[in-house]
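Reading through the structure tokens given below for one structure.
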Amino acid sequence: MNKKDIRSFTFEELKKEMEEIGEKAFRAKQIYEWLHVKLADSFDEMTNLSKEFRNKLKEQYKIPQISVLERQISKIDGTNKFLFCLEDGNVIESVLMRYKHGNSVCISSQVGCRMGCKFCASTIGGLERNLLPSEMLGEIYQIQKVTGERVSNVVVMGTGEPLDNYEHFVKFVRLLSDERGLHISQRNITISTCGIVPNMKRLAEEQLQITLALSLHGSTQEKRKRLMPVANKYELSEVLEACDYYFQKTGRRITFEFSLVQGVNDNDEDAEELIDILKNRNCHINLIPVNPIKERDFQKPSRKRAENFKNKLEKSGINVTIRREMGSDIDGACGQLRRRYVEGK
Ligand code: SAH
């Protein structure tokens, strides 16, 4: 029999499961607490359940295991990079960043990615599979367990396109923010998307308070197409409309991400076109000097050039930051830790 993934059930679903196997509803409360507060990885840890009941659970359910394969700690800023191993042998990476306002974790939403953005290491080997809600939670739970520190912010900006794994992603958000679990505020959860329009609109209607970040990377439809194959499917105007819809429905200010690539999207014309897009929108833009990856020939602009770009936007009244590079001594760009591992096998 295929065992059900017990950590991916919402509290309501778990209650129903317990009823179906002839157990009292309060069992759901006990188990949910073990899984999502005490972060148990096995049924045997659930010591307030009888052995007999634990055995019954083991027959029908499983807790998908996720274990630390490698951990790197930056000497510069305390950033931790984790490589995790999943039950089927796949590996994923997550990053813990320490800020004054708390600990932030960047998680993966898929094993690999099929979006094909030109400068991104995560997409080079294509998509392997979607992550389960329990596996996305597992990245955060393991980090809390290993470090003994509380995670207060979560950004879904690791490997994968979260809106290409829609149902699992939304369930993950509900579980992570549930007051009966880790209870991370939805306002402290950010999802980054390359712009899958129908699912952006769907997300706007979920009545969530999470922040939506859009990977823009090009200031016109044509320029965007050069870096992001997904732009062949959705016009820039449609993507921006979906952003407006998200803001209208949720009241959450949109974050735009713009990876600066030297000689590709970092000149004055790009800045001016960007200003036209952003000036009448309630938003924030994050400039990310591109992290060069060895498979491609993209370079980041000089610090001065990036600053000039930023100043131009700022002068037009746009909210802009240049993303601070974290953990630069421990591994290169997004997705590179996993790639190095997969390649080395
Ligand atoms: N699939 C999501 C999450 C991707 S990672 C998305 O497309 O938004 C988060 C951000 O990092 C995205 O904006 C992505 O385009 C960007 N990114 C990926 N690789 C990068 C690199 N080598 N340098 C700079 N930014 C990169």
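Atoms within a ligand are numbered from 1 in the order they appear, just like the ligands themselves. For the single chain, residues carry numbers from 1 onward in sequence order.
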Of the side chain and backbone of Glu161, name the one, both, or neither that has a heavy atom under 4.0 Å from an atom of ligand 1.
both
Enumerate the atoms of ligand 1 whose separation from the nearest heavy atom of Met157 is less than 4.0 angstrom.
5 (S), 9 (C)
Only heavy atoms of Ser215, strictly under 4.0 Å: list the atoms of ligand 1 that pass.
6 (C), 7 (O), 8 (O), 12 (C), 13 (O), 15 (O)
Exercise: do Thr79 and Ser74 side chains pair donor with acceptor under 3.5 Å:
no
Quick one: does Pro292 get within less than 4.0 Å of ligand 1, heavy atoms only?
no
Within the structure provided, determine whether Lys56 and Glu23 are in side-chain contact (heavy-atom separation under 4.5 Å).
yes
Does any N/O atom on Phe119 come nearer than 3.5 Å to any N/O atom on ligand 1?
yes
Among side-chain atoms of His284 and Thr321, is any donor-acceptor pair under 3.5 angstrom?
yes
At under 4.0 Å between heavy atoms, which part of His217 makes contact with ligand 1: side chain, backbone, both or neither?
side chain
With a 6.0 Å cut-off (strictly less than), is the heavy-atom count around NZ of Lys315, excluding the residue itself, greater than 12?
no
So between Cys194, Ala213, Cys106, Gly160, whose heavy atom ends up nearest atom 3 (C) of ligand 1?
Gly160
Are Phe172 and Leu86 connected in a single hydrophobic cluster, I mean Ile/Leu/Val/Met/Phe/Trp/Tyr linked by side-chain heavy atoms less than 4.5 Å apart?
yes
For ligand 1, indicate whether the residue Ser259 contacts it via side chain, backbone, both or neither (heavy-atom separation under 4.0 Å).
side chain
Parallel, tilted or perpendicular: ring planes of Tyr32 versus His36, cut at 30 and 60 degrees:
tilted
Atom indices of ligand 1, in the order listed, that fall short of 4.0 Å to a heavy atom of Cys120:
18 (C), 19 (N)
Side-chain ion pair, Glu222 and Lys225, N-O less than 4.0 Å:
yes
Could you tell me whether Leu214 approaches ligand 1 through its side chain, its backbone, both or neither, with non-hydrogen atoms closer than 4.0 Å?
neither
